[in-house]
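Structure record follows, encoded as structure tokens.
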Amino acid sequence: MKNNDDKNGINRRGFIQKAALIGAVAGISSVFNINKAKGFCYKKISTPYKRTLGSGISSMDVSSIGFGCMGLNYHRGPYPDKSFCINLLHLAVDHGYTLFDTAESYGPFTNEELVGEGLSKIHKAGKIAITSKFGHDYDYLTGKPLETQNSRPEHIRYVVENSLKRLKVEYIDLMYQHRLDKNVPIEDVVLTLKELIKEGKIKNYGLCEVNGDTIKRAHKIHPVAAIQSEYHLMYRNVEKDVLPLCEELGIGFVPYSPINRGMLGGMLNEYTNFNNISDNRNILPRFQTESLRKNMKFVEAIIEFGRTRGMTPAQISLAWLLSKKPFVVPIPGTTKPAHMIENINTLNFNLTKNDINELEGILANIPICGERYPLSQQKLVEQ
Ligand SMILES: NC(=O)c1ccc[n+]([C@@H]2O[C@H](COP(=O)([O-])OP(=O)(O)OC[C@H]3O[C@@H](n4cnc5c(N)ncnc54)[C@H](OP(=O)(O)O)[C@@H]3O)[C@@H](O)[C@H]2O)c1
């Protein structure tokens with residue numbers, strides 16, 4: 001899709017005009033919804049626009065839906081050029097997103113550079129929060145990923161210093177450990193992060209894909225602001241232990257891949273071609289042709305459920321997550337202005353308890369085909 005502003009005749013002005021039009025239409029249709037079943041027009045009550053991740057000294061107020069920046073130039077197939085992405089990030093700020101998620105490993109490095117170029121001035125003005133991650137290891141001369149994890153204290157410091165430079169910010173609002181390093185006790189990791197907080201280089205810290213035991217050990221050393229793990233309608237493991245523990249300890253929860261990497265957006269099917277260089281869905285079991293074909297039943301049920309409520313399948317997926325706990329802040333990623341607006345407009349809807357029960361009842365009878373990760377990646381997560 002490599003968009004070229006000149007070739008496509010899309011400059012920033014045109015981009016904003018187009019997006020504003022889409023936004024206006026989406027906004028109007030999402031505030032007033034025709035409830036076909038009852039046959040009347042009514043105004044829905046909005047979900048609170050802001051949420052808090054963490055508590056006490058480790059809390060941060062953010063928009064109830066954040067923006068996952070990874071797919072702007074990594075792992076989600078063909079991506080737009082840099083100026084398009086930067087315009088999209090600015091437009092996301094205009095539409096109320098105040099949480100932007102990136103990582104050292106996206107690119108690697110280039111996603112942080114893009115976020116820095118697009119958002120550092122807005123961050124310096126205090127309008128948004130940027131989160132990033134350390135923990136994978138690289139040959140830093142070539143950028144080649146190594147198979148090992150690295151959360152040694154000196155390595156965390158090295159990554160944070162470089163992330164700060166690439167992001168062009170004075171501090172990172174929340175720094176996550178991307179994956180556990182089995183060779184470094186979590187206590188040592190958190191002690192290092194606590195020092196970085198004292199030094200003002202990061203404001204808060206979080207952990208990804210860890211189990212309850214690790215969360216408790218970390219939280220004892222310094223309060224965790226947020227856990228970021230996979231959570232969506234097709235992968236609900238965190239509901240067993242992690243979400244209740246977050247509630248008990250006052251920790252925020254950030255579901256990553258909340259639209260299941262696009263599958264729950266209703267725009268993929270068994271014929272979708274995942275680029276084998278820039279799209280990691282190419283190797284994910286759930287996205288292989290036969291699995292995708294079978295999983296369409298699940299997606300079609302969500303489309304059908306949304307149809308009578310005036311909601312798209314992506315909005316149903318996000319609203320379902322938001323309904324789970326008040327400290328849940330999903331971070332969908334997109335390269336499309338229309339999708340960015342559609343996603344944040346989910347906040348104009350409210351799924352009732354009855355809606356949620358009905359949706360879960362329908363989906364409980366539809367099998368999900370394929371694991372979320374291949375074995376090599378499953379080995380890196382704790383649950
Ligand atoms: N901590 C971790 O280990 C980890 C792992 C993975 C991801 N993450 C974070 O989570 C963020 C999101 O994850 P993700 O990109 O894997 O998955 P996602 O947000 O569930 O899905 C992104 C995909 O959905 C499509 N999409 C977005 N909005 C849509 C809509 N309204 N309708 C239809 N399709 C839509 C996008 O395509 P278009 O571009 O065409 O809209 C994109 O391909 C990442 O950016 C990253 O920050 C963290």
Side-chain angles (χ1 to χ4, degrees), residues 1 3 22 26 30 65-80 84-85 88-89 92 97 99-107 111-112 114-115 130-136 149 174-180 206-210 226-235 238 253-269 272 274-275 278-282 284 286-287 299 302-303 306 311-321 329-346 372-373 377-378 380-383:
M1 184 176 51
N3 287 315
I22 296 163
S30 58
I65 292 179
F67 190 103
C69 299
M70 178 186 80
L72 291 175
N73 63 6
Y74 185 60
H75 265 356
R76 288 290 160 266
Y79 47 82
F84 188 96
C85 291
L88 178 57
L89 288 171
Y97 287 85
L99 175 68
F100 292 83
D101 187 72
T102 179
E104 177 203 39
S105 66
Y106 301 160
N111 197 254
E112 283 188 332
L114 173 68
V115 171
I130 295 178
T131 61
S132 193
K133 311 182 193 80
F134 66 89
H136 295 315
Q149 302 306 303
L174 194 167
M175 195 71 180
Y176 292 99
Q177 184 191 41
H178 213 152
R179 290 291 181 270
L180 207 65
L207 306 170
C208 300
E209 294 287 357
V210 287
I227 299 300
Q228 185 181 128
S229 294
E230 180 164 351
Y231 182 32
H232 48 74
L233 277 162
M234 299 180 86
Y235 188 77
V238 295
F253 189 88
V254 176
Y256 77 69
S257 303
I259 309 174
N260 192 12
R261 304 165 178 85
M263 194 183 288
L264 294 168
M267 298 187 85
L268 307 179
N269 63 35
T272 308
F274 300 113
N275 180 322
S278 63
D279 199 326
N280 77 336
R281 290 173 291 192
N282 184 45
L284 302 180
R286 230 164 246 185
F287 289 80
V299 179
I302 298 171
I303 295 173
M311 296 173 77
T312 66
Q315 289 175 329
I316 294 291
S317 307
L318 294 170
W320 176 81
L321 281 169
V329 178
I331 47 166
T334 180
T335 54
K336 312 281 189 305
H339 287 168
M340 177 275 289
I341 294 166
E342 175 185 324
N343 295 344
I344 195 102
N345 268 338
T346 304
R372 65 162 173 153
Y373 277 138
Q377 290 180 38
Q378 188 59 33
L380 303 178
V381 300
E382 273 201 315
Q383 345 145 36

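Counting convention: from 1, in listed order, for ligands and their atoms alike.
In the vicinity of C208, heavy-atom distances shorter than 4.0 Å reach the ligand 1 atoms 1 (N). Remark: ligand 1 atoms within the under-4.0 Å shell around heavy atoms of Q228 are 1 (N), 2 (C), 4 (C), 8 (N), 9 (C), 48 (C). The ligand atoms of ligand 1 that sit less than 4.0 angstrom from a heavy atom of A314 are 30 (C), 31 (N), 32 (N). Below 4.0 Å from some heavy atom of H178 lie the following atoms of ligand 1, by number and element: 1 (N), 2 (C), 3 (O). Which parts of ligand 1 touch T334 is read off a 4.0 Å heavy-atom cut-off, strictly below it: atoms 27 (C), 38 (P), 39 (O), 41 (O). Short contacts between ligand 1 and D101, defined as distances under 4.0 Å to a heavy atom of the residue, involve ligand atoms 9 (C), 46 (C), 47 (O). The distance from ligand 1 to the heavy atoms of N260 drops below 4.0 Å at these ligand atoms: 20 (O). Listed by number with element, the atoms of ligand 1 under 4.0 angstrom from any heavy atom of T335 are 38 (P), 39 (O), 40 (O), 41 (O).
For R261, heavy-atom contacts with ligand 1 shorter than 4.0 Å involve the backbone as well as the side chain. For P313, no heavy-atom contact with ligand 1 is shorter than 4.0 Å.
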Stepwise side chain to side chain contact (heavy atoms under 4.5 Å, CB included) test for Y176 and D101: CA-CA 10 Å; Y176 292 99; D101 187 72; 3.7 Å; yes
Side chain to side chain contact (heavy atoms under 4.5 Å, CB included) assessment of W320 paired with T346: CA-CA 10 Å; W320 176 81; T346 304; over 6 Å; no
CA sep, side-chain torsions, deciding dist, call: L284, R261, side chain to side chain contact (heavy atoms under 4.5 Å, CB included): CA-CA 10 Å; L284 302 180; R261 304 165 178 85; 3.4 Å; yes
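Atom 37 (O) of ligand 1 is not flagged as protein-proximal [any protein heavy atom, distance under 4.0 Å].
Nearest protein heavy-atom neighbour of atom 43 (O) of ligand 1: R281 NH1, 3.5 Å. Looking at atom 27 (C) of ligand 1, its nearest protein heavy atom turns out to be G333 O, 3.1 Å. In terms of protein heavy-atom proximity, atom 40 (O) of ligand 1 is nearest to K336 NZ, 2.7 Å. Given atom 20 (O) of ligand 1, the protein heavy atom at minimum distance is I259 N, 2.7 Å. Remark: minimum distance from atom 24 (O) of ligand 1 to any protein heavy atom is reached at G262 CA, 3.1 Å. Shortest contact from atom 17 (O) of ligand 1 to any protein heavy atom: S257 CA, 3.2 Å. Looking at atom 28 (N) of ligand 1, its nearest protein heavy atom turns out to be N343 ND2, 3.1 Å. Scanning all protein heavy atoms for the shortest distance to atom 44 (C) of ligand 1 gives M70 CB, 3.6 Å.
Where the criterion is an N or O separation shorter than 3.5 Å, residue side chain and backbone included, P332 fails it with respect to ligand 1. Ligand 1 has no N or O atom lying under 3.5 Å from any N or O atom of K133, backbone or side chain. Annotation: M267 places no N or O atom under 3.5 Å from an N or O atom of ligand 1; distance criterion only. Considering both main-chain and side-chain atoms, P258 comes within under 3.5 Å of ligand 1 through a nitrogen or oxygen pair. Polar contact with ligand 1: absent for T102 (N/O pair, distance under 3.5 Å).
Here the straight-line distance linking atom CG of L318 with atom CD of E342 works out to 8.5 Å at 0.5 Å rounding. Atom OH of Y231 and atom CG of N260 lie 13.5 Å apart (nearest 0.5 Å). From L264, atom CG reaches atom CD1 of I316 across 11.0 Å, with rounding to the nearest 0.5 Å. Note that the CG atom of L114 and the CE atom of M70 stand 13.5 Å from one another [nearest 0.5 Å].
For R372 and E230, the salt-bridge test passes: some basic side-chain N is under 4.0 Å from an acidic carboxylate O.
Residue-ligand proximity: Y106 is placed with a non-hydrogen atom under 4.0 Å from ligand 1. Under a 4.0 Å heavy-atom criterion, R179 is in contact with ligand 1. Contact between H136 and ligand 1 is absent, with no heavy atom of the residue lying under 4.0 Å from the ligand.
The shortest side-chain heavy-atom distance between S278 and H75 does not fall under the 4.5 Å cut-off. The shortest side-chain heavy-atom distance between V299 and N269 does not fall under the 4.5 Å cut-off. When side chains are defined from C-beta on, L89 counts as touching C69, because their heavy atoms get closer than 4.5 Å. A heavy-atom distance below 4.5 Å is not found between the side chains of V329 and I65. By the 4.5 Å heavy-atom criterion applied to side chains, Y235 and S257 are not counted as neighbours.
When atom types are taken as modelled, the side chain of E209 and the backbone of Q228 share no donor-acceptor pair closer than 3.5 angstrom. Between the side chain of K133 and the backbone N or O of M175, no donor-acceptor pair lies under 3.5 Å.
R76 forms no cation-pi arrangement with Y106, by the criterion of a distance under 6.0 Å to the ring centre and an angle within 45° of the ring axis.
For atom 34 (N) of ligand 1, the nearest non-hydrogen atom from the set H232, M263, R76, H339 comes from H339.
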